[in-house]
Amino acid sequence: MKNNFVWVLLTLGFAALSAVLGFQLYSLSGDVTVASVNGEKITKEEVYQKLSAQYGGELVNSLIDDKLINQEARKADMKVTPDEIKTEMAKIKANFPSEVEFQVALTQAGLNQAELEEKVGSQLLLKKILTPKVQEKVTDVQVKEYFEANRTKFDQPAQVRAAHILVKTEEEAKAILDELAKGGDFAAIAKAKSLDPGSKDNGGDLDFFTADRMVKPFSDAAFSMNVGQISGAVQSEFGYHIIKVTDKKAAVTPKFEDVQVKIKDDLTNQELQKLVPEWLKETKGKASITNTLEKKETK
């Protein structure tokens with residue numbers, strides 16, 4: 001669920017960016033020039049001081065939290081396996097229409113995938129530690145009530161999987177249709193001639209989409225076609241599309257039993273997110289923590 005992704009990012013944010021920049025600067029001596037303006041030098045030490053002042057506290061507190069989580073997990077003999085991290089990453093990625101958009105989100109957060117996986121592992125440990133504390137708060141009755149109050153949220157609209165070739169003019173589209181009629185390979189032509197950078201390298205494949213994800217002329221055509229059928233030239237604001245439908249999924253209205261586990265997991269996650277600040281505060285209160293950036297010791 002996307003909330004999981006947001007929760008993970010909130011614990012990193014600028015702290016991750018600060019860590020990356022700090023690591024790059026660490027191996028340089030303090031007087032090394034990293035930039036200059038009209039001959040005036042900006043040294044590594046100046047940059048490091050700025051980073052420490054702006055993000056140092058956030059970064060150190062994030063590392064303290066991670067250390068506490070790992071220590072508490074060891075006490076309880078709890079571990080997270082690579083497969084568990086892989087499964088959670090798949091859930092996170094499923095909230096994005098494509099791998100490209102997922103990577104863009106990571107970049108905007110100043111992260112790379114390895115950093116996210118590390119934080120996901122920490123969050124999974126935290127979930128294992130705290131889940132027993134919230135299980136009693138999420139009852140079967142609450143799960144059922146949530147389903148009844150939010151039935152439409154679980155409805156899955158019809159979907160189509162299609163590939164397309166996008167060109168500028170109707171003449172180009174007709175020429176490609178002639179080529180296809182003579183046995184031309186759709187995917188090969190898409191790679192060679194389509195103007196859509198997001199799909200051409202995949203042979204024009206757009207994966208599954210709902211009607212509201214595409215412009216109306218495109219959706220109208222795709223949802224009216226049968227699997228295996230190729231459209232004529234379909235005009236949209238982007239140009240002319242030649243569409244090939246490769247699969248379809250009918251609309252689904254799931255039963256309670258189909259979504260019961262997911263609802264319970266989501267409600268449990270909501271309770272966990274409420275509990276995290278309280279648990280961290282309590283755990284820090286019992287720990288001996290020295291943070292020189294804050295110039296104080298907590299016992």
Side-chain angles (χ1 to χ4, degrees), residues 2-71 85 88-89 92-93 95-123 125-126 166 168 191 194-202 237-239 273 276-277 280-281 284 287-299:
K2 195 165 287 189
N3 282 344
N4 282 349
F5 185 64
V6 173
W7 187 28
V8 169
L9 292 187
L10 284 175
T11 62
L12 281 172
F14 288 116
L17 180 59
S18 176
V20 172
L21 292 175
F23 179 78
Q24 291 173 342
L25 291 168
Y26 182 77
S27 61
L28 303 176
S29 62
D31 60 351
V32 168
T33 300
V34 295
S36 65
V37 180
N38 296 323
E40 292 188 20
K41 297 177 180 179
I42 299 175
T43 67
K44 170 252 184 175
E45 185 61 32
E46 288 180 81
V47 178
Y48 187 80
Q49 287 178 358
K50 285 285 187 181
L51 284 172
S52 295
Q54 293 183 42
Y55 309 124
E58 181 183 352
L59 172 59
V60 171
N61 282 326
S62 176
L63 294 173
I64 288 171
D65 290 349
D66 286 345
K67 188 71 70 176
L68 285 171
I69 291 167
N70 280 281
Q71 288 174 353
I85 293 175
E88 190 67 16
M89 288 294 294
I92 292 171
K93 288 185 177 183
N95 290 283
F96 296 87
S98 68
E99 177 69 18
V100 171
E101 292 188 54
F102 169 71
Q103 293 297 334
V104 168
L106 282 182
T107 301
Q108 289 175 341
L111 303 173
N112 59 44
Q113 187 157 323
E115 290 167 334
L116 179 59
E117 287 177 357
E118 181 180 356
K119 201 62 184 179
V120 163
S122 182
Q123 294 292 343
L125 276 178
L126 186 57
L166 174 65
K168 285 185 178 180
K191 288 181 180 180
S194 180
L195 300 178
D196 178 10
S199 68
K200 65 178 296 180
D201 290 340
N202 294 322
E237 60 196 84
F238 301 105
Q273 290 179 52
V276 168
L280 283 172
K281 182 178 180 180
K284 285 179 179 178
S288 176
I289 300 171
T290 300
N291 183 347
T292 58
L293 288 183
E294 293 185 350
K295 297 181 179 179
K296 67 179 182 179
E297 184 176 282
T298 304
K299 297 247 182 157

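Values in this document were obtained by computation on a predicted structure and should not be read as measured data.
From Gln71, atom CD reaches atom CG of Leu125 across 12.0 Å, with rounding to the nearest 0.5 Å. Here CG of Leu116 is found 10.0 Å from CD1 of Ile85. Values are rounded to the nearest 0.5 Å. In this structure, CG on Leu68 lies 11.0 Å from CG on Leu63, to the nearest 0.5 angstrom. Taking CD1 of Ile69 as the reference point, atom CG of Leu126 lies at 4.5 Å (rounded to 0.5 Å).
Leu106 has its side chain out of reach of Asn112: every pair of non-hydrogen atoms, C-beta onward, lies at least 4.5 Å apart. Proximity of Val276 to Gln273: side-chain heavy atoms (C-beta onward) are nowhere separated by under 4.5 Å. With contacts defined as side-chain heavy-atom distances shorter than 4.5 Å, the pair Met89/Phe102 qualifies. At a threshold of 4.5 Å between non-hydrogen side-chain atoms, the residues Lys284 and Asp65 count as touching. Considering only heavy atoms from C-beta on, Gln103 comes within 4.5 Å of Gln113 through its side chain.
Around CD of Glu117, the count of heavy atoms belonging to other residues, nucleotides or ligands within 6.0 Å exceeds 12.
Under a 3.5 Å cut-off, the side chain of Ser122 and the backbone N or O of Asp66 do not form any donor-acceptor pair.
Counting only N and O atoms by type, the side chains of Ser199 and Asn202 include no donor and acceptor under 3.5 Å apart.
Considering only residues two or more places apart in sequence or on other chains, Glu99 meets the salt bridge (Lys or Arg N to Asp or Glu O under 4.0 Å) condition with Lys93.
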